[in-house]
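These notes concern the structure reproduced below.
Order of the sequence lines fixes the chain letters, A, B, ..., with proteins taken first and strands second; residue numbering starts at 1 for each chain.
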Amino acid sequence: MSLRNEGWTESEINGVSKWLIHHAALQAPESLSSRLEEEWLADLECRSTALSRLGLALGCCWATVVIVNEFSRIPAPAATPVVTAKGYLTPADRNFGYFSLRSGTLFLILGLHGAVFCGLVTTLSVTRGLAAQPSLPNQVLNPVPIEVIVLPGK
Amino acid sequence: MPERCGSLAANLYLSYTLCRLSTMGKKDTNVRMSLQTLRVLEAFLENPTVQLAGAEVHQRCGIASGTLYPILLRLESAGWFVSQWESIDPSSAGRPRRRLYRLTSTGLRRASEVFASFNRGVLA
């Protein structure tokens, strides 16, 4: 299965890659935006195949997320949060503060595991409690009459 | 129960410390070390005077671009690397300029210390 069979030409993939890089660079801090775009476009030219170029472009998108996160924690003038005219937060405003992105992810995963564990423990304890409750009331049984059978010849 | 909570808190603190492992450096050149960072440094330490672009570092280390460029910027902002544009004319060359990275004297010294500390740890 090649990309040409899927209807994608190499020029189209290159165009998508360049668009991704341009979009990723726009999300980067303002002081780094133009530099990163030119640097990434130059490195894009060094890639031989279209797929590796697309991979580079996708990696640049992820790199922007990491760079924005790191620069938002550095109190530099170029990295100060930008208040947009639209009034909502830009990715540059994201400040995880005390935790790094990796630590935050770790605690998020730990929290999710803890929530699932607590849910399982709660559910299972309720289920076991319901199953342990006797559904039959105690009642006194009538005595069974005992019959003595006398065998013939004894 | 309190002992369990204490051990859990200790484990969580240990995990937090490992995740924010920003050791191996003084405060002025604080760099978070990872295996990928060490591989980048190793590529530059093969020839400390050479200038490498991101694409060349990728070819030598095989690190994905999403990891590589934040490492390069991190090391540059810490003073371990300096970078400059390639001295070509983009219009005549027909391609954009590459950004070339080079180890600084501080970076060379600190990277050597890092690898020396690893050697000491292995030998100990």
Side-chain angles (χ1 to χ4, degrees), chain A residues 17-18 20-22 24-25 28-29 31-32 34-48 52-71 73-74 76 78-79 96-111 113-114 117, chain B residues 5 8-9 11-22 30-34 36-37 40 51-78 81 83-91 93-101:
Chain A
S17 303
K18 287 181 180 177
L20 281 174
I21 285 178
H22 176 71
S31 58
L32 291 171
S34 59
R35 171 200 156 167
L36 288 177
E37 183 174 4
E38 189 171 358
E39 180 180 359
W40 290 342
L41 286 176
D43 288 347
L44 189 72
E45 298 294 324
C46 299
R47 299 292 181 101
S48 56
S52 63
R53 291 178 182 175
L54 187 60
L56 171 72
L58 291 173
C60 290
C61 294
W62 174 248
T64 304
V65 174
V66 178
I67 289 168
V68 165
N69 178 44
E70 292 196 2
F71 269 73
R73 284 190 279 117
I74 299 172
F96 291 89
Y98 191 68
F99 299 110
S100 67
L101 179 62
R102 191 180 302 177
S103 303
T105 307
L106 173 72
F107 288 129
L108 177 65
I109 292 172
L110 284 178
H113 278 81
F117 180 74
Chain B
C5 290
L8 179 63
N11 285 332
L12 282 176
Y13 181 73
L14 176 64
S15 304
Y16 168 75
T17 306
L18 288 174
C19 287
R20 289 185 64 82
L21 190 63
S22 55
N30 201 7
V31 175
R32 186 169 59 223
M33 280 297 154
S34 63
Q36 288 82 6
T37 307
V40 170
Q51 292 184 325
L52 295 176
E56 293 166 336
V57 180
H58 165 76
Q59 286 175 354
R60 295 189 181 202
C61 305
I63 299 175
S65 54
T67 308
L68 175 62
Y69 292 110
I71 289 174
L72 292 175
L73 278 180
R74 202 177 294 143
L75 290 170
E76 185 182 0
S77 62
F81 285 173
S83 66
Q84 62 181 11
W85 289 112
E86 191 180 15
S87 56
I88 63 164
D89 184 16
S91 57
R95 62 174 177 83
R97 296 174 297 172
R98 296 183 303 167
R99 190 81 179 179
L100 301 174
Y101 295 87

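With a 4.5 angstrom heavy-atom cutoff, A:Arg47 touches chain B only via side-chain atoms. In this structure, chain B has no heavy atom under 4.5 Å from any part of A:Leu58. At a 4.5 Å heavy-atom cutoff, A:Leu44 makes no contact with chain B through either its backbone or its side chain. Only the side chain of A:Glu45 has a heavy atom closer than 4.5 Å to any heavy atom of chain B.
For B:Tyr69 against A:Cys60, the heavy-atom pair with the smallest separation is CE1-SG, 4.4 Å. B:Trp85 and A:Glu38 get closest at one heavy-atom pair: CH2-CB, 3.7 Å.
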message = Go through it in stages, so that I can follow the logic: the residues are A:Glu37 and B:Arg97, the test is salt bridge (Lys or Arg N to Asp or Glu O under 4.0 Å), and I'd like the CA-CA distance, side-chain angles, deciding distance and then a yes or no.
response = CA-CA 11 Å; A:Glu37 183 174 4; B:Arg97 296 174 297 172; over 6 Å; no
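With sequence neighbours left out, B:Arg95 forms a side chain to side chain donor-acceptor pair (under 3.5 Å) with B:Glu86. Every residue two or more places apart in sequence or in another chain was checked for a side-chain contact (heavy atoms from CB on, under 4.5 Å) with B:Gln59, and none qualifies.
The pair B:Arg74-A:Glu70 meets the salt-bridge criterion, since a charged nitrogen lies less than 4.0 angstrom from a carboxylate oxygen.
To the nearest 0.5 angstrom, A:Arg35 atom CZ is 5.0 Å from B:Leu73 atom CG.
When B:Ala64, B:Ser65, B:Ser83, B:Pro90 are compared by the number of non-hydrogen pairs under 4.5 Å with chain A, B:Ser65 comes out ahead. Most heavy-atom pairs under 4.5 Å with chain B, from the set A:Asp43, A:Leu56, A:Thr105: that is A:Asp43.
In summary, of the residues considered (A:Asn69, A:Val66, A:Thr64), a side-chain contact (heavy atoms from CB on, under 4.5 Å) with B:Pro70 occurs for A:Val66 alone.
Contact of the B:Arg98 side chain with the A:Cys46 side chain is registered, since non-hydrogen atoms from C-beta on lie closer than 4.5 Å.
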